[in-house]
Protein chains: 2
Amino acid sequence: MEKLCDNLEECGLPSALEMVGDRWSFMILRATFNGLCHFEEFLNVLGIARNILANRLSRLVEDGIMQREQMADDRRKVEYRLTEKGVDLLPALLALRQWGEKYGLGVPSNPVLADRRDNLAIAPIRIHAADGREIGWHELQWRDKSELGKQG
Amino acid sequence: MEKLCDNLEECGLPSALEMVGDRWSFMILRATFNGLCHFEEFLNVLGIARNILANRLSRLVEDGIMQREQMADDRRKVEYRLTEKGVDLLPALLALRQWGEKYGLGVPSNPVLADRRDNLAIAPIRIHAADGREIGWHELQWRDKSELGKQG
DNA sequence: ATAACTAGATTGCAACTTGCAACTGGAAAT
DNA sequence: ATTTCCAGTTGCAAGTTGCAATCTAGTTAT
């Protein structure tokens with residue numbers, strides 16, 4: 001494996017980590033993917049401190065990952081919902097969860113995301129080549145964009 | 001989307017985040033995937049403080065994500081290498097990086113991982129159904145393991 | 001041997017972040 | 001009018017982070 005890509009300026013990872021790279025953001029997102037959307041719900045389910053939750057939620061909203069909506073019928077209530085940008089974090093979240101399940105947790109995760117169509121659990125998140133083949137680390141190499149072949 | 005899976009005991013995400021859920025671990029892993037393996041290299045490339053780097057490396061080693069090998073020829077030198085467990089974090093890392101590239105960073109990431117075989121950049125990390133179909137959030141539902149259909 | 005060099009790790013201190021609990025303030029319910 | 005509820009803020013103690021200087025073990029040079 002060549003020693004390339006030591007260039008932090010041209011990597012999306014730092015910006016991603018700045019937004020969701022702390023202990024709680026992913027847990028909040030997970031809860032949101034499970035349908036939670038109220039402050040007190042997050043509080044009860046996650047066991048996070050109030051101030052930290054408030055801080056993280058407002059950061060997630062600031063970063064456009066969630067949106068904050070005041071309810072019309074009961075204006076005390078606020079709902080936090082995922083934006084498209086937030087929903088797009090699902091693959092990363094699932095990849096992490098599956099990894100944690102494989103290596104960290106003794107027990108299989110439950111419940112699990114299933115395809116509505118066939119009611120089967122989703123496949124593990126994997127790396128795929130441009131043509132869809134599944135592909136592993138040893139079959140990969142770092143390439144400068146300019147050196148890439150052109151898609152057929 | 002049903003409100004299930006509020007059960008933190010049966011979810012791999014918390015254990016994953018405990019191991020790699022801080023600002024630096026992923027950056028260290030990224031550097032490792034790029035071929036770096038020495039303390040001073042990480043230090044120079046990442047701009048991390050010495051003590052934090054030492055702390056994170058030893059945690060990654062403790063957690064079995066990296067292994068620490070003393071070099072036989074020059075026994076001052078130590079190399080940090082990914083274990084299989086560490087390599088298995090690549091999908092999660094790439095999913096995050098791709099997300100950061102799409103939403104955070106203005107610029108496309110570079111360099112990029114390419115298939116050795118066809119020299120094309122890898123596909124975006126996505127969610128796939130059991131049969132390999134690509135599948136989105138709205139086509140998914142949380143299911144208890146016991147309620148899943150059986151694989152044909 | 002001694003001195004200088006290197007990679008890796010440790011220590012001390014200041015700045016920031018976290019967690020807990022008590023409190024505020026507006027909005028419904030009684 | 002009072003109580004309860006939801007969301008969020010404030011104050012303070014404890015923990016974590018970042019930086020600089022220092023330490024240690026093994027390596028090369030004299």
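Chain identifiers are assigned alphabetically (A, B, ...) following the order of the sequence lines, protein sequences preceding nucleic acid strands; residue numbering begins at 1 within each chain. Please read all numbers here as calculations on a predicted model, not as lab measurements.
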Spacing between B:Ile52 atom CD1 and C:dC16 atom C1', to the nearest angstrom = 12 Å
Answer with base, sugar-phosphate or nothing: what part of the nucleic acid does B:Asn51 contact at a heavy-atom distance below 4.0 Å?
-> base
Range on DNA chain D touched by chain B, heavy atoms, distance below 4.0 Å | D:dT17 to D:dT27
note: B:Ile48, atom CD1; C:dG8, atom P; distance rounded to Å ~ 14 Å
Indicate, with yes or no, if the rings of B:Trp137 and A:Phe33 have centres closer together than 6.0 Å.
-> yes
Looking only at heavy atoms, the pair that brings B:Leu148 and B:Arg143 closest together is CD2-CB, 3.8 Å
Should the pair B:Asp118-A:Arg133 be classified as a salt bridge under the 4.0 Å nitrogen-to-oxygen rule?
-> yes
Closest-nucleotide 5' rank along DNA chain C - winner of A:Arg23 and A:Arg50 | A:Arg23
So what does A:Arg75 touch, heavy atoms closer than 4.0 Å: a base, only the sugar-phosphate, or nothing?
-> sugar-phosphate
Any idea which heavy atoms bring B:Arg68 and B:Tyr80 closest together, and the distance?
-> NE-OH, 3.5 Å
In terms of side-chain geometry, is the basic nitrogen of B:Arg116 or A:Glu139 positioned less than 4.0 Å from the acidic oxygen of its partner?
-> no
Counting only non-hydrogen atoms, which of residues 54-73 of chain B are less than 4.0 Å from DNA chain D?
-> B:Arg56
Mind listing the closest non-hydrogen atom pair of B:Met19 and B:Arg59 along with its distance?
-> O-NH2, 4.0 Å
May I ask you to say whether B:Glu40 pairs ionically with B:Arg50, meaning some side-chain N is under 4.0 Å from a carboxylate O?
-> yes
Whole-Å distance, B:Leu53 CG to C:dA9 P, equals 8 Å
Can you establish whether the number of heavy atoms outside A:Glu18 located under 6.0 Å from its atom CD is more than 12?
-> no
Is there a side-chain polar atom (N or O) of A:Trp24 under 4.0 Å from OP1 or OP2 of C:dG19?
-> yes
How would you label the contact of A:Tyr80 with the nucleic acid (heavy atoms, under 4.0 Å): base, sugar-phosphate, or nothing?
-> sugar-phosphate
Interatomic distance, A:Phe39 CZ vs C:dG25 C1' [rounded to whole Å] = 14 Å
Inspect the contact between B:Arg23 and A:Asp22 and indicate whether a charged nitrogen and a carboxylate oxygen are less than 4.0 angstrom apart.
-> no
